[in-house]
Amino acid sequence: MLLSLVLHMYSMRSVLPAAVLLGTAPTYVLVWGAWRLLSALLPARFYQAVDDRLYCMYQSMVLFFFEHYTGVQILLYGDLPKNKENVIYLANHQSTVDWIVADILAVRQGALGHVRYVLKDGLKWLPLYGCYFSQHGGIYVKRSARFDQEAMRRKLQSYMYLVIFPEGTRYNPELTKVISASQTFAAKEGLAVLRHVLTPRVKATHVAFDSMKNHLDAIYDVTVAFEGTVDDNGQRREAPSMLEFLCKECPKVHIHVERIEKSGVPQEQAHMQRWLHERFVLKDRLLIEFYDSLDPERRNKFPGKSVNSKLSLKKTLPSLLVLGGLTAGMLVTEAGRKLYVKTWLYGTLVGCLWVSVRA
């Protein structure tokens, strides 16, 4: 019985952060919506500046839980960016935590408010979040060949920290059919067959680079590995989900960054496809070394010196206190509770209607 209680408490460790992150969503949307209305007659740059600050506040609260609450160690390798830049962030995709990893890197260079994501189309139906991400500059794309390039280009005219996962879907070792199809496609196209990543797709990367190249500072080629995702037989397991991560089931995240000058990226799409695949070949080699190296001393690490990077509580705790305090203040009054519920209900309905019209 005692063991069952301990296991139950262990599984409930994700409840607190999930409750806070979801619970503060209506508060955040109300604050953002009020600013959207107030700034309607102001130049767009004023709206954007405050929107970025609000976004930075919410994401800082997210990082409080994913870094301080979980106690995870963040190990950085390679070119460690320190200053804010306008970049395209290209990374391998294996977990629902991957977008948090992009935030982890961005906050350390003061760029958290500028982060935008290229997201799979289905996420636009998320209550409250789906519509807001679209308003904040997020770009929804379908996995099929149909791709609204012009809609994407319209959102890429401003400065940003654009996160793209070129694989298009998560790498999961248990989904052997997906991996096999990816490898078969690579072989058919005369490309190197990859083991620990999927064959990347170039279209979103090409449109982003072509649209941003005049104000782009660099490309960040990012490779991420979650420690503890190899079983007793040496086989790679599925990367931790967000809930598993919040249950402290991932002790270390290894992040390798290579900063690439934009002059080193070919502009023609066919050439960029080859270039992007070569970048993923290099990622694959890093991950083979990380997971499969015959030398135990070289496993569970990337080559080179690592930096154990700890995020200061000053960057995350104030956001938690502000958003948590505003939400608590709303919920203690009957009028506030009614407004809270209506925001969830009508905000979700209006948001879904908006994204369906804009699709």
Which pair of non-hydrogen atoms, one from [X] and one from [Y], has the smallest distance, and what is that distance?
X	Y	result
A239	S95	CB-CB, 3.9 Å
Y140	S134	CE1-CB, 3.8 Å
I255	V222	CG2-CG1, 3.7 Å
G23	T327	O-CG2, 3.6 Å
D51	H136	OD2-ND1, 2.7 Å
F302	T223	CE1-O, 3.6 Å

Ring centroid separation for H93 and Y171, is it under 6.0 angstrom?
->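 They do not qualify: ring centres at least 6.0 Å apart.
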
Pairs satisfying side-chain hydrogen bond (donor to acceptor under 3.5 Å, both in side chains), at least one member in residues 174-186, at least two apart |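 Non-adjacent pairs meeting side-chain hydrogen bond (donor to acceptor under 3.5 Å, both in side chains): S182-T199.
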
Can you hop from [X] to [Y] via hydrophobic side chains spaced under 4.5 Å?
X	Y	answer
V115	I100	yes
L105	F165	yes
L16	L21	yes
L311	V257	yes
L126	L119	yes

Apply side chain to side chain contact (heavy atoms under 4.5 Å, CB included) to N214 and list each qualifying residue two or more places apart in sequence or on a separate chain.
->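 N214: no side chain to side chain contact (heavy atoms under 4.5 Å, CB included) contacts found.
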
Between [atom1] of [X] and [atom2] of [Y], what distance do you get to the nearest 0.5 Å?
X	Y	atom1	atom2	result
L191	H277	CG	NE2	4.5 Å
T316	L320	OG1	CG	7.5 Å
W32	L128	CH2	CG	10.5 Å
W35	L38	CH2	CG	7.0 Å

Is the closest basic N to carboxylate O distance between [X] and [Y] below 4.0 Å?
X	Y	value
R279	E258	yes
K84	D217	no
D231	R236	no
R259	E261	yes
R108	E67	yes
R201	E167	no

Would you confirm whether [X], through its side chain, and [Y], through its main-chain N or O, come within 3.5 Å as a donor-acceptor pair?
X	Y	value
K262	K213	yes
K301	E297	yes
E289	L286	no
S39	L42	no
E268	A270	yes
Q109	N83	yes
R116	G138	no
T333	G336	yes
R237	G228	yes
Y117	F133	no

Under 3.5 Å side-chain donor-acceptor pair for [X] and [Y]:
X	Y	answer
S306	H254	no
D221	H256	no
Y220	E85	yes
N300	E227	no
D98	Q94	no

Please, which pairs that meet salt bridge (Lys or Arg N to Asp or Glu O under 4.0 Å) have at least one residue in residues 330-355, sequence neighbours excluded?
->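 Non-adjacent pairs meeting salt bridge (Lys or Arg N to Asp or Glu O under 4.0 Å): E334-K338.
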
Residue pair V253, Q73: steps toward the side chain to side chain contact (heavy atoms under 4.5 Å, CB included) verdict | CA-CA 6 Å; V253 178; Q73 291 186 51; over 6 Å; no

Hey, mind stepping through F226 and F245 against side chain to side chain contact (heavy atoms under 4.5 Å, CB included) and telling me if it holds?
-> CA-CA 10 Å; F226 298 97; F245 198 98; 4.1 Å; yes

Carefully, step by step, assess Y28 and L54 under the rule side chain to side chain contact (heavy atoms under 4.5 Å, CB included).
-> CA-CA 8 Å; Y28 180 80; L54 291 173; 3.7 Å; yes

Carefully, step by step, assess F64 and Y69 under the rule ring pair (Phe, Tyr, Trp, His ring centres under 6.0 Å).
-> CA-CA 7 Å; F64 170 84; Y69 179 81; 7.6 Å; no

Is the shortest heavy-atom distance from the side chain of I88 to the side chain of L216 under 4.5 Å?
->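 Sidechains of L216 and I88: in contact.
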
Test log, rule side chain to side chain contact (heavy atoms under 4.5 Å, CB included), inputs L162 and I139 | CA-CA 10 Å; L162 183 66; I139 301 162; 4.3 Å; yes

Cation-pi check, K283 to F280: give yes when NZ or CZ is under 6.0 Å from the six-membered ring centre and within 45° of the ring axis, no otherwise.
->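 Pair K283/F280 counts as cation-pi.
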
